[in-house]
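Here's the structure we're looking at; comments come further down.
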Amino acid sequence: MAEGKKEKNSNEESVKLFVGQVPKHMNEAQLLSMFKEFALVDEVNIIKDKTTRASRGCCFVICPSRQEADKAVNACHNKKTLPGASSPLQVKYADGELERLEHKLFVGMLPKNVSEAEVSALFSKYGIIKDLQILRGSQQTSKGCAFLKYETKEQALAALEAINGKHKMEGSSVPLVVKWADTEKERQARRAQKAQSQASNVPNVDSQHPSLFGALPVGYVPPYNGYGYQASSVMFALYGAPGAYGLMQYRLPPMQNQHAFHGIIPPVNQGNAIRGATPDLSPNMGPRNYAIPPASYVGSGYPNVPALQYPMAYPGGMLGHRPLSSSPGSVTPTGANSNSAASSSPGTSSGGQLEGPPGANLFIYHIPQDFGDQDLANAFQQFGRVLSAKVFVDKATGVSKCFGFVSYDGPVAAQNAIAMMNGFQLSGKKLKVQLKRDNKQNNPY
DNA sequence: TCATATT
């Protein structure tokens, strides 16, 4: 259906919108015709999973101008819910688009006594200044740099090329620095860099515990974890709760995963707590998964972590609802069967947002701050097959919002989880565990 | 405090 002039969209004028709450079954043609009712649209690109190519439930919409983009936003954002979506369409400028349209420059090496007016006078020669601020400290003292926005990219570029490294302000011996301002993404990357370099200031395990560290595979290089910092579970065992290391997420090397110990297994089942291959381990496995060589923990108790404080070892074993248990002689003295430990449930997922059937999805609040998806899954897997477990985190900081979801494959597990876990005290707060609100009304478009 | 997903 996409006919008409389809000029290349790298056009400076065109604007990219991000659209969320797009049902995964919709295709680009359908979305295009929908958005065309409200604005000129050049293109729709569904955002797909890199490997499965399945829709991720969102798309980009390219509009030929800012005006058209605004029309689409105003007409659609939070205004309509597509059939199958749980909440209204989210339509906004894609990440980086606003910045791209701002033509923002950074000016460095400003003498501290230079005022806005003086900077403005200089830069106005190259175009219309839409915004200008000198960065200042607590006493309003200049930090010697400024941000500056022009009306057009051409003006900004002209100023950059004319002034950067060439123009010296009166009384200054060094020329001004003029660059494109960092984008939000660049700043985030920088923050992450910094956080990482701080995180690597942890005690040196090698030198302090050479024998234990030496138990790791020789020459083994753990996979990159996205933070440039490798932590071994042995370190966790030595130093206690990894939450002390801040926001970092840790990933265990695959070899160690083979022995990953999932914290909520009753003692009597220790023998089962050594997992075999663990296809269900998320690559984002949270810090509370301890890979401990069997000899290190059998008979020596558990790592001292919150995950172990659940109402798991119920001496009457009334918790033992185990849909997955093939239970060949799996009834143990505690009643909690071996499934939790031996589970090979390939469907268990902690990352995705798979929903279970009605009545099988839980909303959980007051989750401990340092819990991740996998921790949540671990905490709730004893009540049934966990289809997904998700702790929500702040997009910018990665800090947990302390609420999340657990989905089971059936309502019985959910009810058991509510019965056992609602009000359960964890890290000083009582979990609130209730059925997730059902958002799925039938929505027209 | 109820599934937020940025090729």
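Just so we're clear, the structure is a prediction, and the values are computed from it rather than from any experiment. Chain letters run A, B, ... following the sequence lines, proteins first, then strands; residues in each count from 1. All values below were derived from every heavy atom in this structure, side-chain atoms included, with hydrogens, water molecules and symmetry-related copies excluded.
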Requested in this report: Return the stacking result for B:dA3 and A:F392: yes when the ring centres lie under 5.5 Å apart and the planes under 30°, no otherwise.
Outcome: no
Requested in this report: Using the six-membered ring for Trp and the full ring for Phe, Tyr or His, decide whether A:F403 stacks on the six-membered base ring of B:dT1 (centres under 5.5 Å, planes under 30°).
Outcome: no
Figure out the [atom1]/[atom2] separation between [X] and [N], and round it to whole Å.
X	N	atom1	atom2	result
A:K390	B:dT1	NZ	P	18 Å
A:L387	B:dA3	CG	P	17 Å
A:D373	B:dT4	CG	C1'	13 Å
A:D438	B:dA3	CG	P	11 Å
A:F405	B:dA3	CZ	P	5 Å
A:L376	B:dC2	CG	P	16 Å
A:Q434	B:dC2	CD	C1'	9 Å
A:N422	B:dC2	CG	C1'	15 Å

Review point. Has A:Q21 got a side-chain N or O lying under 4.0 Å from the OP1 or OP2 atom of B:dT4?
Key: yes
Under 4.0 angstrom, heavy atoms only, what part of the nucleic acid is [X] near: base, sugar-phosphate, or nothing?
X	value
A:K401	nothing
A:K24	nothing
A:S407	base

Residues at least two apart in sequence or cross-chain that pass salt bridge (charged side-chain N to carboxylate O under 4.0 Å, His left out) with A:E102, listed by chain then number, are A:K149
Sequence neighbours excluded, the answer for salt bridge (charged side-chain N to carboxylate O under 4.0 Å, His left out) partners of A:K48 is A:E28
Just compare [options] and give me whichever is closest to any side-chain atom of [X].
X	options	answer
A:N361	B:dA3, B:dT7, B:dA5	B:dA3
A:F60	B:dC2, B:dT7, B:dT4	B:dT7
A:F363	B:dA3, B:dC2, B:dT7	B:dC2

Of A:K432 and A:R53, the one whose nearest nucleotide on DNA chain B sits closer to the 5' end is A:K432
Ring-face cation contact, A:F147 with A:K104, 6.0 Å cut, 45° max: yes
Between A:S87 and A:Q21, is there a side-chain donor-acceptor contact under 3.5 Å, judged purely by atom types and distance? yes
Heavy atoms from other residues, nucleotides or ligands near NZ of A:K153 exceed 12 (cutoff 6.0 Å) | no
